[in-house]
A.B. asks: 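Quick one: the structure is below, questions incoming.
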Amino acid sequence: MTRTLTVATWNINSVRLRQDLLTTLMAKAAPDILCLQETKAPDFLFPSDLGNKLGLPHVLTRGMKGYNGVAVLSRFELQRLETTPDWCGKSDCRHIAANVLIGHQPITIHNFYVPAGGDIPDREANPKYGHKLDFITEAKKHFASCPPYRTILVGDLNIAPLENDVWNHKQLLGVVSHTPAETAGLNEWREQGFTDAIRHFVSQDQKLFTWWSYRNRDWRASNRGRRLDHIWVSRDLEASLSHHDILSEARDWPRGSDHVPVVLTLAI
DNA sequence: ATGGTTGGCCCCCAA
């Protein structure tokens with residue numbers, strides 16, 4: 001029997017401030033699994049009724065005070081993967097993983113919030129950039145040691161890997177999120193057994209963005225976007241890729257995030 | 001070349 005599984009990822013930039021927008025997202029995209037980044041809420045302050053309200057009653061959170069924070073909300077039962085690495089030894093709530101109990105064989109989901117990396121693309125001058133590169137290297141090594149199977153990896157990876165993942169490739173080569181060191185690192189991580197599910201549907205010669213800075217007067221008119229949010233699937237799931245959606249309209253939702261939701265449907 | 005905005009939280013940091 002074939003069924004569909006729809007996964008959404010969204011850097012929501014404060015879950016407590018934007019609960020209403022999640023109701024809107026459910027009405028538009030109806031994901032079975034919703035992965036959030038930058039929840040900015042410690043677990044005891046994560047809205048306790050949110051999952052039930054959205055029809056996604058199985059909820060896992062990893063949050064901290066003020067910064068970062070990730071969550072998975074699911075229509076299906078989740079088994080948390082407890083033995084995930086402590087990335088860069090920082091215990092900073094940037095990753096949560098679970099098995100989704102669906103059908104005869106579970107699907108594994110990884111939800112990442114990769115460090116943004118600060119402004120200066122130099123690890124000596126800017127330790128945050130070094131942290132970002134180290135995080136990517138650790139992630140690559142981790143998946144090299146346990147190759148993905150029936151696995152979906154989503155998140156705000158804070159890197160736009162392709163020329164058409166940014167509004168101006170040449171101008172952004174020296175800007176954190178599109179430097180050669182970052183894009184090479186992200187490609188090596190993905191090559192540990194994943195396919196870029198969104199680029200499976202959208203040709204590499206098409207511009208594709210998931211984030212537009214708050215610092216533009218009119219994000220749609222200037223369209224200085226970047227594709228920072230990604231969904232990858234393990235290669236065994238490539239044949240199951242069914243369709244995708246990038247909800248650019250969400251950038252105009254009242255008091256919205258600077259990121260928009262990315263949605264993938266699989267026929268499994 | 002610079003500045004532009006947002007959120008959380010302790011008057012500044014991170015994005």
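In what follows, every heavy atom counts, from backbone to side chain, and hydrogens, waters and symmetry copies are set aside. For clarity, every value in this text was computed on a predicted model and none was experimentally measured. Here is the naming used below: chain letters follow the sequence lines, and residue numbers restart at 1 for every chain.
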A.B. asks: When clusters are formed from ILVMFWY side-chain contacts under 4.5 Å, directly or step by step, what else is grouped with Trp232(A)?
C.D. replies: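 Trp87(A), Phe112(A), Val114(A), Phe135(A), Ile136(A), Phe143(A), Leu153(A), Leu157(A), Ile159(A), Leu186(A), Trp189(A), Phe194(A), listed by chain and number.
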A.B. asks: Contact class for Arg94(A) (heavy atom, under 4.0 Å): base, sugar-phosphate, or nothing?
C.D. replies: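 Sugar-phosphate contact only.
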A.B. asks: With sequence neighbours excluded, give me every side chain to side chain donor-acceptor pair (under 3.5 Å) pair touching residues 177-187 of chain A.
C.D. replies: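 Sorted result for residues 177-187 of chain A: Tyr129(A)-Thr179(A), Lys132(A)-Glu182(A), His169(A)-His178(A), Ser177(A)-Arg226(A), Thr179(A)-Glu182(A), Asn187(A)-Arg190(A).
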A.B. asks: Residues sharing Leu81(A)'s hydrophobic cluster, by side-chain heavy-atom contacts under 4.5 Å among ILVMFWY, directly or via others?
C.D. replies: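 So far as hydrophobic clustering goes, Leu81(A) is joined with none.
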A.B. asks: Using the P atom in both, what is the distance from dA1(B) to dC13(B), to the nearest Å?
C.D. replies: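 It comes out at 27 Å once rounded to the nearest Å.
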A.B. asks: Which Ile, Leu, Val, Met, Phe, Trp or Tyr residues join Tyr149(A) in one cluster when any pair of side-chain heavy atoms under 4.5 Å counts as a link?
C.D. replies: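 Tyr149(A) clusters with nothing; isolated.
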A.B. asks: Under the side chain to side chain donor-acceptor pair (under 3.5 Å) definition, can you give me all pairs with a residue in residues 12-24 of chain A, not counting sequence neighbours?
C.D. replies: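 Sorted pair list: Asn13(A)-Lys40(A), Asn13(A)-Tyr214(A), Arg18(A)-Tyr214(A).
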A.B. asks: Would you jot down, in residue-number order, the residues of residues 35-45 of chain A having a non-hydrogen atom under 4.0 Å from DNA chain B?
C.D. replies: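 Only Glu38(A), Lys40(A) qualify.
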A.B. asks: Trp167(A) ring centre to Arg224(A) NZ or CZ under 6.0 Å, with the angle to the axis within 45°?
C.D. replies: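 Cation-pi check for Arg224(A) and Trp167(A): passes.
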A.B. asks: Could you go through residues 54-67 of chain A and list every donor-acceptor pair under 3.5 Å that involves a side-chain atom there, pairing it with any protein atom two or more places apart or in another chain?
C.D. replies:
unit_1, atom_1, unit_2, atom_2, d
Thr61(A), OG1, Asp43(A), OD1, 2.8
Arg62(A), NH1, His95(A), O, 2.6

A.B. asks: Listed in order of residue number, which residues of residues 158-178 of chain A have a non-hydrogen atom at under 4.0 Å from DNA chain B?
C.D. replies: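 Heavy-atom contacts with DNA chain B come from no residue of residues 158-178 of chain A; none.
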A.B. asks: Could you pull out all residues at least two apart from Lys128(A) that satisfy side-chain hydrogen bond (donor to acceptor under 3.5 Å, both in side chains)?
C.D. replies: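 Lys128(A) satisfies side-chain hydrogen bond (donor to acceptor under 3.5 Å, both in side chains) with no residue once adjacent residues are dropped.
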A.B. asks: Identify the 5'-most and 3'-most nucleotides of DNA chain B with at least one atom closer than 4.0 Å to a non-hydrogen atom of chain A.
C.D. replies: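 It runs dG4(B) to dA15(B).
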A.B. asks: Can you list the residues that meet the side-chain hydrogen bond (donor to acceptor under 3.5 Å, both in side chains) rule with Asn168(A), with sequence neighbours excluded?
C.D. replies: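 By the side-chain hydrogen bond (donor to acceptor under 3.5 Å, both in side chains) rule, Asn168(A) matches Gln171(A).
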A.B. asks: Which other residues end up in the same hydrophobic cluster as Leu162(A), if Ile, Leu, Val, Met, Phe, Trp and Tyr are linked when side-chain heavy atoms come under 4.5 Å apart?
C.D. replies: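 Noted: Leu162(A) shares its cluster with no other residue.
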A.B. asks: Have a look at Arg255(A) and say if it touches a base, only the backbone sugar-phosphate, or nothing, with a 4.0 Å heavy-atom cut-off.
C.D. replies: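 The answer is sugar-phosphate, as Arg255(A) gets under 4.0 Å only of primed atoms, P, OP1 or OP2.
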